[in-house]
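Read the structure below first, then the notes.
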Amino acid sequence: MSDAVFAALADPTRRRMIETLASGRAMTATSLARDLPMTRQAVAKHLAALSAADLVSSDRVGRELRYSLEPQSLSDAARWIASVGAEWDSRLGDLERLLARRRR
Amino acid sequence: MSEDRKVERERLLDARPDEVWEALTDQALLSEWLGDEVELDPWEGGGLRVRVEGEERIGTIRRFEDERALSFTWERAGESASTVELTLEPAVSGTRVTVVERAATGPVAMSAAEWEMRLGGLARVLRLALV
């Protein structure tokens with residue numbers, strides 16, 4: 001794992017951002033800040049670190065940059081984190097719906 | 001042992017702890033959210049089998065505390081084991097569920113829980129041998 005990737009992943013907030021982006025949606029710094037919740041400025045700082053490690057790429061959409069995950073650059077560890085995180089999001093959603101059905 | 005990988009999620013569920021616990025420990029209900037097909041022996045040391053997208057995961061129940069905590073290890077064929085801990089906390093509007101999945105990585109692919117179990121077993125054997 002390169003130093004830049006290791007440093008990028010060492011922070012739990014950045015790992016959380018990777019998990020969010022692993023859902024497949026490209027997101028702006030504003031929408032990430034809403035999800036996390038953090039200030040847009042803090043999100044932008046973390047995105048810069050992730051970008052430097054080639055873990056995310058960006059396209060311009062209007063006035064903002066939209067970020068997506070670059071899975072090819074991910075180390076095994078980051079891939080594991082992204083995929084297991086997405087699995088649990090999906091399971092907890094199913095659990096929620098199951099409990100809602102049983103309440104009726 | 002090399003670095004642990006960890007994923008944590010938390011969700012507030014609109015259901016009572018006993019209802020959530022049932023969904024976590026009843027095979028039929030587990031098969032509606034944990035995996036496509038789940039077999040679980042509902043006690044500490046019990047076996048676990050989960051089919052997820054055609055792949056099978058085999059594991060063992062490590063903790064089984066009524067309406068409080070369920071923990072198990074599981075592994076896919078050819079991959080390192082991980083430990084899953086589900087904890088329940090009553091909340092004003094339902095139950096807070098936290099899930100933490102940790103994997104051990106590196107050449108000896110055992111989780112911290114596996115190590116504890118194996119070292120515990122070794123200590124027991126040594127105590128017996130010394131008697």
Side-chain angles (χ1 to χ4, degrees), chain A residues 1-25 27 32 34-38 46 50 53 55 69 71 73-104, chain B residues 2-26 28-36 38 50 52-53 55 57 70 74-76 79-88 93-106 109 111:
Chain A
M1 197 181 332
S2 77
D3 282 350
V5 171
F6 188 85
L9 294 177
D11 181 284
T13 304
R14 287 197 283 267
R15 289 198 296 271
R16 186 73 181 88
M17 285 170 68
I18 287 175
E19 290 165 24
T20 303
L21 290 168
S23 65
R25 292 143 55 215
M27 293 177 77
L32 280 165
R34 220 174 15 234
D35 269 20
L36 280 170
M38 298 172 74
H46 287 305
L50 291 173
L55 290 169
L69 202 61
S73 305
L74 285 179
S75 65
D76 281 349
R79 259 190 292 259
W80 187 93
I81 288 165
S83 101
V84 171
E87 273 182 26
W88 282 108
D89 286 329
S90 163
R91 285 192 187 109
L92 290 174
D94 289 343
L95 175 58
E96 213 160 22
R97 283 182 286 276
L98 166 65
L99 291 165
R101 283 197 300 276
R102 286 173 67 73
R103 267 206 313 282
R104 290 205 196 99
Chain B
S2 39
E3 67 181 270
D4 272 323
R5 303 167 187 178
K6 183 179 118 166
V7 158
E8 183 164 342
R9 290 289 192 277
E10 193 187 278
R11 208 171 276 216
L12 179 58
L13 298 172
D14 184 10
R16 293 189 319 262
D18 63 298
E19 291 170 326
V20 177
W21 183 250
E22 204 195 347
L24 258 53
T25 53
D26 176 279
L29 298 180
L30 282 163
S31 302
E32 294 197 44
W33 70 274
L34 184 67
D36 303 323
V38 179
V50 183
V52 181
E53 288 168 4
E55 270 187 354
R57 297 187 194 181
L70 172 69
W74 62 3
E75 61 186 284
R76 266 173 274 192
E79 284 199 27
S80 61
S82 56
T83 303
V84 174
E85 274 186 52
L86 290 143
T87 47
L88 275 59
S93 49
T95 306
R96 181 163 287 108
V97 171
T98 305
V99 56
V100 179
E101 181 162 355
R102 277 187 187 88
T105 62
S111 66

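To find a chain, count down the sequence lines: A is the first, B the second, and so on, and within it residues start at 1.
In this structure the side chain of B:D14 reaches within 4.5 angstrom of the side chain of A:R103, judged on heavy atoms.
Taking both residues in full, the closest heavy atoms of B:V7 and A:I81 are given as CG2-O, 3.6 Å, listed atom of the first, atom of the second, then distance. Residue B:W33 comes nearest to A:D94 through the heavy atom pair CB-CB, 3.7 Å, listed as atom of the first residue, atom of the second, then distance. Scanning both residues, B:R9 and A:W88, for their nearest heavy atoms gives CG-CB, 4.2 Å.
Heavy atoms of A:L99 lying under 4.5 Å from chain B belong exclusively to its side chain. Contacts of A:R91 with chain B are made by both backbone and side-chain atoms, with heavy-atom separations under 4.5 Å. At a 4.5 Å heavy-atom cutoff, the contact between A:R16 and chain B is made by side-chain atoms alone. With a 4.5 Å cut-off on non-hydrogen atoms, B:L30 does not touch chain A at all.
Of the residues listed (A:R101, A:R97, A:R102), the one engaging B:E32 in a side-chain hydrogen bond (donor to acceptor under 3.5 Å, both in side chains) is A:R101, and it is the only one.
At a threshold of 4.0 Å, the pair A:E96-B:R11 counts as salt-bridged, since one of the basic side-chain nitrogens sits closer than that to a carboxylate oxygen.
Once rounded to the nearest 0.5 Å, the distance linking CG of B:L13 with CG of A:L98 reads 10.0 Å. For the atom pair A:R15 CZ and B:E8 CD, the distance stands at 10.5 Å (nearest 0.5 Å). Atom CG of A:L92 is separated from atom CG of B:L12 by 12.0 Å, given to the nearest 0.5 angstrom.
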